[in-house]
Participant: 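Before I ask anything, let me first share the structure, which is written out below as C-alpha cells.
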Amino acid sequence: MKQELRGEILSTFGKITIVAGIYLLFVSMFSRNIGDNDLWGYLAFGRTFWEEGFFPFHDIFSYTPTKTIWIYHEWLTGVIFYGIFKFLGPAGLQLLQYLTIIVTLCLIYATATKKGAAPVFTLLALIPAMILVSFGYMPVRAQIFTYLFFILTIYILETAKISQKWIILSWLLPIQIIWCNLHGGFIAGIGIIFLYTLGEGLSGKKALPFMAILVPACLVTIINPYGLNYWQFILDSVSMSRPEIGEWFSVIVSLQRNYQTIPAIVFISLACLCLILVLLQKKKTLTDIIIIATTMYLGVRHVRHTIFFGIIFGSFMPVILDNLWTSYLKNNHVMTSRKSWTPPVILALMFLFAYGFSNQSIVPNIKPSFAISAPQSHYPVGAVKWMDRNNFSGNILPDFDWGEFIIWSCYPHCKVAMDGRYETVYDMTLIKEYFDFSAGINGWETFLKKYPHDLILIKPFTKIHLLLLKNTSWKLEYQDTHSVLFIRNKYL
C-alpha cells in the first residue's frame, strides 16, 4: 500500500512539474509585446470597416499607382483584430494570440498521441518543436490562424485515417472557408490534403476519401469577397520572388545575411535530427515521409515556412521516437522497468535546455505580457510626434518596415508610397522602383522624381540617407537615433 501511495505521489508530482515547466516555457517563448509590422495594417483596415462603414476593394492608403482591385487576403483578420482592439485593447489581442497558441500546441500533442506515441515521447518532440514554432509568433499576425488551422487539418485527416470514419473529413470544408478569409495560408491546408491523398495512394491504401474531399475543399474557398480573383492572386503570390523581404529568404541566405539566424540554425538542427530518426526507423510510413520531406523543403526555401516543419516535427516525430525506443529495448533484451527512467531524465534535461535557450534570466518570468508596444527602437515614434506637432498632412515615402505603422498612425491626413502589403496592392514595376530607391542604387532618383512625395521617412546612416543629404530638393528636418525625416523644399 505504501509503495502504491509513493508511486501515486511521484506520478502526481511529475505531472505538476511537467505542467509548470510547459507554462514557464510558454511564457518565455511566446510572451512578446513589440507589435509586428503587419499588425498596424490589419488594424487600419479593420478601423475602416468598423468606423467608416465600407469595405475597401480599392486601395485607400497609398498615393502611388496601385492595382485595380486590392485583394486583401487577411481582411477578416483585420476586422476581428480591430474589433477586439476597440473593445478590449491590446490585452484582448494578446489573449487571442495566447489562446490560439495553446490550442495549436494541444493539437500537436493530440495528433502525436493519436498516431500512437506515448506522452513522454510526445513531450520530448514537442519541446524543440515549440522553440522553432515560437519564431512564427509576434504580437500579433494573421499567421496565428494559419498555424492553428494547419495542425487542425492534420488532426482531422489523421483521425479519419485511423478511425476510417470518413464523414469526419467534411469538417475540412467550413475550416477552409473561414481560413481563406483570415489568411492566404489556407493554401497549406489544400496542400496537406493533397499530400495525404498522394501518400495513401502510393501506399496502396484508401486514397479515395482524401481525394473526394480535396476538390470541394478547393471549391469552397471561392466563398470570399473577391471570388475567383482571389485564386489568381494566390497563384501569382505562390510563384512570386520576394528578394527584398527577409522572412522570404531561404535558410542559406538568412545565414549569409545574418537575418533570423537563430530560427535558421534551430531548423537545420531539427531537420538533421529528423532525417537521422527517419532513416533509423525500420517500418516507414510513406505518407509521413512525404509530408516531412515537403515541409522540410519549404523550410529550406523560405525561413518563414520553417514553422510548418516545426509543427510536423512535434506531431510526427514522437511516434518514431517511441518505436525506436521500443525496438532498442527489445533488441538489447532490456527490461522496460530497468530503463524506464531514461526518457523522463532526458525530458527534464530538455526542459532545462529549452528554458535556458529562450530565457537568459535566472529568475523565471511567470507572467505573460498583455501589452503591445511600438518602441522608438523599432518604429519612427519621434518622427510621427514631430508630424503631429507641425500638423503635417501629405504624401509620405517611408521605410518599407514602417509603411503600415504610418498608415495606422497618420491616415487619413497622410498617405504612403509603399508599405508591407507589397504584392496585394502594388505591381512589380513600382515595387522594383521603390526598392532601387531604398537601396540607393543606379536610377534611385527615378522613384523620387516620378511620384508626388512630400516627406521621406527612413532609417539613419543608410546609403539613401547620405544621398538625400546631397539632394538640394530635400532638407533634413528631423533626426533621432532611429529615424530621419526629409521634407520637400516647398514646405519650408
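Count residues from 1 along the sequence.
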Participant: Looking only at the aromatic ring of each residue, does the gap between the centers of Tyr379 and Trp40 stay below 6.0 angstrom?
Facilitator: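 Yes, ring centres under 6.0 Å apart.
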Participant: What pair of heavy atoms forms the shortest contact from Asn181 to Pro225, and how long is it?
Facilitator: OD1-CD, 3.3 Å
Participant: Do Phe186 and Tyr230 have ring centroids that are under 6.0 Å from one another?
Facilitator: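 Yes, the ring of Tyr230 comes within the 6.0 Å limit of the ring of Phe186, centre to centre.
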Participant: Using atom types as modelled and distance alone, determine if a side-chain donor or acceptor of Ser327 lies under 3.5 Å from a backbone N or O of Asn323.
Facilitator: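 Flag not set: sc Ser327 to bb Asn323 has no pair under 3.5 Å.
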Participant: Step by step, work out the side-chain contact (heavy atoms from CB on, under 4.5 Å) result for Asp236 and Glu423.
Facilitator: CA-CA 9 Å; Asp236 291 341; Glu423 81 278 8; over 6 Å; no
Participant: Considering residues at least two apart in sequence or located in another chain, which fulfil the ring pair (Phe, Tyr, Trp, His ring centres under 6.0 Å) criterion with Tyr196?
Facilitator: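 With sequence neighbours excluded, Tyr196 shows a ring pair (Phe, Tyr, Trp, His ring centres under 6.0 Å) to Phe210, given in chain and number order.
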Participant: Should the pair Glu200-Lys161 be classified as a salt bridge under the 4.0 Å nitrogen-to-oxygen rule?
Facilitator: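 Salt bridge between Glu200 and Lys161, a charged N being under 4.0 Å from a carboxylate O: yes.
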Participant: Any chance you could measure Leu152, atom CG, to Thr111, atom OG1, to the nearest 0.5 Å?
Facilitator: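 Interatomic distance, Leu152 CG to Thr111 OG1, rounded to 0.5 Å: 8.5 Å.
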Participant: To check you understand the geometry: which heavy-atom pair defines the closest contact between Gly116 and Asp322, and what is its length?
Facilitator: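 So the minimum-distance heavy-atom pair works out to O-OD2, 3.7 Å.
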Participant: Side-chain contact, heavy-atom cut-off 4.5 Å: Leu173 with Gln176?
Facilitator: no
Participant: Is the shortest side-chain heavy-atom distance between Leu96 and Phe145 below 4.5 Å?
Facilitator: yes
Participant: Are Tyr259 and Phe249 an aromatic pair by the rule of ring centers under 6.0 Å?
Facilitator: yes
Participant: Quick check: does any side chain N or O of Tyr434 sit under 3.5 Å from a backbone N or O of Asp419, one acting as donor and the other as acceptor?
Facilitator: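 Absent.
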Participant: If you measure from CG on Leu157 to CG on Leu169, what distance do you get to the nearest 0.5 Å?
Facilitator: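 Leu157 atom CG to Leu169 atom CG measures 6.0 Å (nearest 0.5 Å).
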Participant: Tell me which one of Tyr42, Phe45, Phe85, Phe61 satisfies ring-ring contact (aromatic ring centres under 6.0 Å, His included) with Trp408.
Facilitator: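 With Trp408 as partner, ring-ring contact (aromatic ring centres under 6.0 Å, His included) holds for just one option, Phe85.
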Participant: Could you give the distance from NZ (Lys206) to OG1 (Thr197), rounded to the nearest 0.5 Å?
Facilitator: 14.5 Å
Participant: Would you check if Pro139 and Gln94 make a side-chain contact, meaning some heavy-atom pair closer than 4.5 Å?
Facilitator: yes
Participant: As a quick check of understanding, evaluate side chain to side chain donor-acceptor pair (under 3.5 Å) for Tyr137 and Gln143, giving each step before the final call.
Facilitator: CA-CA 8 Å; Tyr137 291 88; Gln143 280 87 334; over 6 Å; no
Participant: Phe316: which residues meet the ring pair (Phe, Tyr, Trp, His ring centres under 6.0 Å) condition with it, sequence neighbours left out?
Facilitator: none
Participant: Closer than 4.0 angstrom, basic N to acidic O: yes or no for Arg421 and Glu404?
Facilitator: no
Participant: Does any N or O in the side chain of Ser163 come within less than 3.5 Å of the main-chain N or O of Lys165, such that one atom is a donor and the other an acceptor?
Facilitator: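 Yes; judged by distance alone, with no hydrogens or angles, the pair exists.
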Participant: Do the charged groups of Lys67 and Asp59 touch, with an N to O distance under 4.0 Å?
Facilitator: no
Participant: Please report the C-alpha distance between Phe194 and Cys218 in whole Å, then the side-chain angles of each, then the deciding distance to 0.1 Å, and finally whether the side-chain contact (heavy atoms from CB on, under 4.5 Å) criterion is met.
Facilitator: CA-CA 11 Å; Phe194 170 77; Cys218 292; over 6 Å; no
Participant: For Thr261 and Leu255, work out which heavy atoms get closest and say how close.
Facilitator: O-CD2, 4.1 Å
Participant: Which value, rounded to the nearest 0.5 Å, describes the distance between Leu25 atom CG and Leu126 atom CG?
Facilitator: 9.0 Å
Participant: In the structure I gave you, are the side-chain heavy atoms of Ile291 and Thr287 within less than 4.5 Å of one another anywhere?
Facilitator: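 Yes, at least one pair of side-chain atoms sits under 4.5 Å.
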Participant: Taking the side chain as every heavy atom from C-beta outward, state whether Ile245 and Tyr422 have any atom pair closer than 4.5 Å.
Facilitator: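 Yes, at least one pair of side-chain atoms sits under 4.5 Å.
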Participant: Is it the case that more than 12 heavy atoms not belonging to Leu202 sit under 6.0 Å from its CG atom?
Facilitator: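 Buried by this count: over 12 neighbours within 6.0 Å.
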Participant: Are Trp75 and His183, when compared by the centres of their aromatic rings, separated by less than 6.0 Å?
Facilitator: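 No; His183 has its ring centre 6.0 Å or more from that of Trp75.
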Participant: Quick one: does Ser170's side chain have a donor or acceptor within less than 3.5 Å of a partner on Ile167's backbone?
Facilitator: yes
Participant: Is the shortest heavy-atom distance from the side chain of Cys274 to the side chain of Ile292 under 4.5 Å?
Facilitator: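 Yes, at least one pair of side-chain atoms sits under 4.5 Å.
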Participant: Less than 4.5 Å apart, any side-chain heavy atom of Trp231 and any of Ile187?
Facilitator: yes
Participant: Taking only Lys NZ, Arg NE, NH1 and NH2, and the carboxylate oxygens of Asp or Glu, determine whether Arg141 and Glu247 approach each other closer than 4.0 Å.
Facilitator: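 Glu247 and Arg141: salt-bridged.
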Participant: In this structure, are over 12 heavy atoms from other groups packed under 6.0 Å from Leu228 atom CG?
Facilitator: no
Participant: Hey, could you give me the OG1/CG distance between Thr104 and Leu99, rounded to the nearest 0.5 Å?
Facilitator: 10.5 Å
Participant: Please confirm whether the ring centroid of Tyr328 lies under 6.0 Å from the ring centroid of Trp325.
Facilitator: yes
Participant: Phe57 and Tyr226: aromatic ring centres closer than 6.0 Å?
Facilitator: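 Under 6.0 Å, so yes.
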Participant: Taking the side chain from Ser239 and the backbone from Leu235, do they hold a donor-acceptor pair closer than 3.5 Å?
Facilitator: yes
Participant: Taking it one step at a time, do Ser358 and Ser28 satisfy side chain to side chain donor-acceptor pair (under 3.5 Å)?
Facilitator: CA-CA 6 Å; Ser358 59; Ser28 64; 2.9 Å; yes
Participant: Can you name the closest pair of heavy atoms from Ala217 and Ile190 and give their distance?
Facilitator: O-CD1, 3.5 Å
Participant: Do Ser438 and Asp399 come close enough that some side-chain heavy atom pair is under 4.5 Å?
Facilitator: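 Counting from C-beta outward, Ser438 and Asp399 never come under 4.5 Å.
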Participant: Give the minimum heavy-atom separation between Gly403 and Val416, together with the two atoms involved.
Facilitator: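 Nearest pair, atom of Gly403 first, then Val416: O-CG1, 3.9 Å.
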Participant: Quick check on Leu279: does its CG atom have over 12 non-hydrogen neighbours (other residues, nucleotides or ligands) under 6.0 Å away?
Facilitator: yes
Participant: Do Phe267 and Phe309 have ring centres separated by under 6.0 Å?
Facilitator: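 Ring centroids of Phe267 and Phe309 are less than 6.0 Å from each other.
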Participant: Does the ring centre of Trp179 sit less than 6.0 Å away from the ring centre of Phe150?
Facilitator: no
Participant: Answer yes or no: are there more than 12 heavy-atom neighbours, outside Lys367 itself, under 6.0 Å from its atom NZ?
Facilitator: no
Participant: Indicate the atoms forming the closest heavy-atom contact of Thr424 with Ile71, along with that distance.
Facilitator: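 Smallest heavy-atom distance, with atoms named: CB-O, 3.6 Å.
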Participant: Kindly say whether Gly299 contributes a backbone atom to a donor-acceptor pair with the side chain of His305 at under 3.5 angstrom?
Facilitator: no
Participant: Nearest 0.5 Å please: distance from the NE2 atom of His378 over to the CG atom of Asp36.
Facilitator: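 Here the interatomic distance stands at 10.0 Å.
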